[in-house]
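Input: a single structure, listed below in structure tokens.
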Amino acid sequence: MRIAIVDESSARAAVIEEGLRDAGLNDIATLTDRKGLVARLAALEPDVVLMNLENPSRDTLEESFLVSRSLGKPIAMFVDQSDEQSTFAAVDAGVSAYIVDGFKKERIKPILDLAVRRFQAFSKLQEELTEAKNQLAERRTIDRAKAILMKRRSIDEPAAYALLRSHAMQSNRRIAEVAEALVTADSLMGGDL
């Protein structure tokens, strides 16, 4: 597992690195300069990012949230103090673990594990949500295609669906693809559905 540590203080970064090495993790990159951080992290391709912000300013938090959104990797963020708004913003930005006043060497590995597990759970939920949205969109397209067939051919809904299914099987395509083609063709022909 490749881990990137982001901390402007070399001393604090060393504490995090020591905690990781004590846990048997050795593929570690430490970044102490925040300039070009997103690009540098993207080039490193870490599996997890650990950020220590000490007393973050609003701009520093925004930059950190940009990192979280753009990388699509688990991020654990250590801060010395926080307010409710910052905590909510971190969660909204996709930070997997937002640790306030919890910077101790022996806590690094459990926090890393938590960040990875939360990220995986969140990613799975996102995938399921995307799949559900796609299925719903396909269902709407199929329903629209059935309505077009019902109107144009004066057939009932089961017959319209059977016609879509039959054409899909004959053309070795999914029903949703056939339905999309029918809806597009109807739209091009000036259909009113």
Side-chain angles (χ1 to χ4, degrees), residues 1-9 12-140 174 176:
M1 177 184 312
R2 177 172 291 154
I3 301 163
I5 300 169
V6 178
D7 195 331
E8 291 175 337
S9 165
R12 287 190 318 253
V15 172
I16 295 174
E17 187 170 340
E18 185 180 341
L20 294 170
R21 292 197 189 284
D22 287 352
L25 300 166
N26 296 308
D27 192 358
I28 302 166
T30 303
L31 304 173
T32 56
D33 185 8
R34 298 188 72 83
K35 290 181 184 172
L37 184 60
V38 174
R40 290 171 52 214
L41 283 170
L44 279 172
E45 297 181 352
D47 297 307
V48 182
V49 177
L50 300 177
M51 301 179 92
N52 189 2
L53 300 180
E54 194 175 18
N55 294 316
S57 68
R58 182 155 204 84
D59 290 341
T60 306
L61 277 175
E62 281 300 317
E63 179 190 37
S64 301
F65 299 157
L66 176 64
V67 169
S68 176
R69 286 186 205 106
S70 63
L71 281 183
K73 299 289 183 181
I75 294 182
M77 189 176 292
F78 297 90
V79 295
D80 286 349
Q81 56 187 351
S82 184
D83 57 29
E84 189 174 306
Q85 187 177 12
S86 297
T87 303
F88 289 144
V91 171
D92 288 345
V95 172
S96 303
Y98 188 75
I99 314 303
V100 180
D101 194 26
F103 183 72
K104 294 184 176 120
K105 180 180 87 166
E106 53 279 346
R107 292 188 66 203
I108 302 296
K109 176 68 166 103
I111 289 170
L112 175 83
D113 292 341
L114 170 70
V116 170
R117 285 190 181 93
R118 286 197 63 214
F119 179 81
Q120 290 169 341
F122 182 75
S123 294
K124 183 178 178 189
L125 286 174
Q126 286 292 95
E127 289 170 11
E128 289 172 359
L129 177 61
T130 300
E131 179 64 25
K133 285 180 178 180
N134 290 341
Q135 287 175 353
L136 182 59
E138 285 181 357
R139 186 77 246 151
R140 287 182 184 141
R174 296 176 50 244

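Closest heavy-atom contact between Pro74 and Ala115: CB-O, 3.7 Å. Counting all heavy atoms, side chain and backbone alike, Glu45 lies closest to Arg2 at O-CD, 3.8 Å. The minimum heavy-atom distance between Phe119 and Ser96, with the atom names listed, is CB-OG, 3.4 Å. Taking all atoms of both residues into account, the shortest heavy-atom contact from Ile108 to Phe78 is CD1-CZ, 3.8 Å.
In Arg118, the CZ atom is not crowded: 12 or fewer heavy atoms of neighbouring residues, nucleotides or ligands sit closer than 6.0 Å. Heavy atoms of other residues, nucleotides or ligands lying less than 6.0 angstrom from CZ of Arg21 number more than 12.
Between the NZ atom in Lys133 and the CG atom in Leu129 there is a gap of 4.5 Å [rounded to 0.5 Å]. Note: Met1 CE to Asp113 CG = 7.0 Å, rounded to the nearest 0.5 Å. Interatomic distance, Ile111 CD1 to Ile99 CD1, rounded to the nearest 0.5 Å: 4.5 Å. Rounding to the nearest 0.5 Å gives a distance of 4.0 Å between CD1 of Ile5 and OG1 of Thr30. Rounding to the nearest 0.5 Å gives a distance of 5.5 Å between NZ of Lys109 and CG of Leu25. Going from atom CD of Gln120 over to atom CG of Leu125 covers 12.0 Å, rounded to the nearest 0.5 Å.
Arg40 places a side-chain N or O within 3.5 Å of a backbone atom of Lys35 that can act as its donor or acceptor partner.
Looking at Ile3 and Ile16, their side chains never come closer than 4.5 Å, going by heavy atoms from C-beta outward. At a threshold of 4.5 Å between non-hydrogen side-chain atoms, the residues Asp47 and Asp27 do not count as touching.
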From CA spacing to verdict: side chain to side chain contact (heavy atoms under 4.5 Å, CB included), Leu37, Met51: CA-CA 11 Å; Leu37 184 60; Met51 301 179 92; 4.0 Å; yes
Intermediate values then yes/no, side chain to side chain contact (heavy atoms under 4.5 Å, CB included), Leu31 and Leu44: CA-CA 10 Å; Leu31 304 173; Leu44 279 172; 4.0 Å; yes
